[in-house]
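Computed from a predicted model, the values in this text were never measured in an experiment. Numbers restart at 1 for each chain; the letters A, B, ... are given by sequence-line order, proteins then strands.
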There are 2 protein chains.
Amino acid sequence: MGTRGVSHRDAECPVARTVDVIGDRWSLLIVRDVLDGIHRFSELQRNLGLAKNILATRLRELVNQGILELVPAADGSAYQEYALTGRGRELFTVIVALRKWGEHHLFAEDERHSDLLEITSRQPVELHVTNAAGQPVTAEDAFVRKVSEG
Amino acid sequence: MGTRGVSHRDAECPVARTVDVIGDRWSLLIVRDVLDGIHRFSELQRNLGLAKNILATRLRELVNQGILELVPAADGSAYQEYALTGRGRELFTVIVALRKWGEHHLFAEDERHSDLLEITSRQPVELHVTNAAGQPVTAEDAFVRKVSEG
DNA sequence: CCGTATCCATTCCGATACTG
DNA sequence: CAGTATCGGAATGGATACGG
């Protein structure tokens with residue numbers, strides 16, 4: 001990631017830059033796992049089921065991007081573990097958006113999936129696109145203003 | 001996409017399924033462009049700057065996934081163009097999440113980027129993760145309940 | 001436990017040429 | 001205009017062996 005660089009026309013598009021940073025097959029799943037409390041290399045490897053060299057590469061890139069950081073292990077062991085930075089933690093919204101879309105469109109009626117719940121209420125977390133007044137905004141209600149259009 | 005299949009442990013995770021469907025380098029950018037009103041093959045190719053064969057493959061997969069569909073060209077020409085299905089249009093929230101994160105974390109202070117505005121108010125669109133009462137929920141306030149944990 | 005080094009297979013991508 | 005066919009190179013992924 002980050003090595004390819006966004007195409008010329010996409011230099012000003014935040015979507016393109018984000019995809020360039022975390023738009024591969026593993027980065028978002030790693031972030032998801034760390035958000036879920038999986039911090040150790042071996043746990044990540046076991047849970048994701050990918051080869052160690054690939055995991056090591058992705059983790060290094062995520063650290064380089066300032067999304068993860070290495071911190072002393074919480075259990076007091078001699079090792080380090082991976083934690084989200086502030087920037088990484090804010091990928092929460094991206095994970096939630098992916099999750100909600102998948103829940104709605106990639107599961108059959110009778111098929112069960114994991115749920116993202118608020119800890120206190122134990123009710124599902126919601127995601128809303130709104131205007132400044134808090135009213136819902138759909139794709140049809142919005143447009144992209146380019147930089148050149150001031 | 002969709003050919004690799006989610007790993008065994010991830011079968012119940014909507015995030016993993018979504019990444020498996022649209023988690024490559026081009027699909028989300030194609031969806032972004034179609035959301036922005038770019039519907040024709042040649043326009044997509046020019047705007048994204050990718051080879052025609054790759055674009056053709058991606059478009060075919062997105063159609064197979066029920067995210068895009070071919071419809072008669074709006075300008076009355078003999079050709080067809082690509083339009084979002086309902087399922088595809090709902091990727092709007094994913095695009096907004098990617099955009100917002102990119103705006104905040106991948107642009108310097110003095111660097112300009114395109115903006116996503118509500119048409120009527122011309123104010124930036126907002127994204128909120130909330131509980132059922134509409135109160136903000138952060139990553140620390142939420143947890144994933146697995147299917148096995150009923 | 002947490003990686004790195006190596007090797008190989010597969011996939012992905014870009015450029016080009018071609019077709020209806 | 002909207003693709004398909006082909007080819008070569010690059011990136012990615014997986015398995016295994018090894019080291020601090």
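Straight-line distance from the CG atom of B:L44 to the P atom of D:dC1: 13 Å, rounded to whole Å. Computed from coordinates, the A:I54 CD1 to D:dT16 C1' distance equals 13 Å when rounded to whole Å. Atom CG of A:L55 and atom P of D:dG14 are 11 Å apart (whole Å). When rounded to the nearest whole Å, the span between CG of B:L59 and C1' of D:dC1 equals 14 Å. At whole-Å resolution of the value, CZ in A:R58 and C1' in D:dT12 are 7 Å apart. Between B:W26 atom CH2 and C:dC12 atom C1' the separation is 12 Å, expressed in whole Å. At whole-Å resolution of the value, CG in B:D24 and P in C:dT10 are 21 Å apart. Atom pair B:Q80:CD and D:dA2:P shows a separation of 10 Å (rounding to whole Å applied).
No hydrogens or angles were tested; on distance alone, nothing pairs the side chain of B:N53 with the base of D:dG3 as donor and acceptor under 3.5 Å.
A salt bridge links A:E103 and A:R99; the closest N-O separation between the charged side-chain nitrogens and carboxylate oxygens is under 4.0 Å. A salt bridge links B:R32 to A:D10: one of the charged nitrogens lies within less than 4.0 Å of a carboxylate oxygen. At a threshold of 4.0 Å, the pair B:D24-B:R58 counts as salt-bridged, since one of the basic side-chain nitrogens sits closer than that to a carboxylate oxygen.
Close to D:dA2, at under 4.0 Å from its OP1 or OP2, lies a side-chain N or O of B:R40. A:R25 has no side-chain polar atom (N or O) that falls below the 4.0 Å cut-off from OP1 or OP2 of C:dT11. For A:Y79 and D:dG20, the shortest distance from a side-chain N or O to OP1 or OP2 is not below 4.0 Å.
Listed nucleotides D:dC18, C:dC13, D:dG3 differ in distance to A:K52; the shortest reach to its side chain belongs to D:dC18. Checking C:dG3, D:dA11, D:dG3 against the side-chain heavy atoms of A:F41 singles out C:dG3 as nearest. Checked against D:dG3, C:dT4, D:dA11, the side chain of A:A56 finds its nearest nucleotide in C:dT4.
Direction change of the helix axis from one end of the helix from C:dC1-D:dG20 to C:dG20-D:dC1 to the other is 50°, with five pairs defining each end axis (rounded to 10°).
For residues 66-88 of chain B, every residue pair satisfying the salt bridge (charged side-chain N to carboxylate O under 4.0 Å, His left out) rule, not counting sequence neighbours, is listed here: B:R40-B:D75.
A 4.5 Å side-chain heavy-atom check between A:V96 and A:L116 finds at least one atom pair inside the cut-off.
In this structure, a donor-acceptor pair under 3.5 Å is present between the side chains of A:E118 and A:S121.
Closest heavy-atom contact between B:S114 and A:V147: N-CG2, 3.8 Å.
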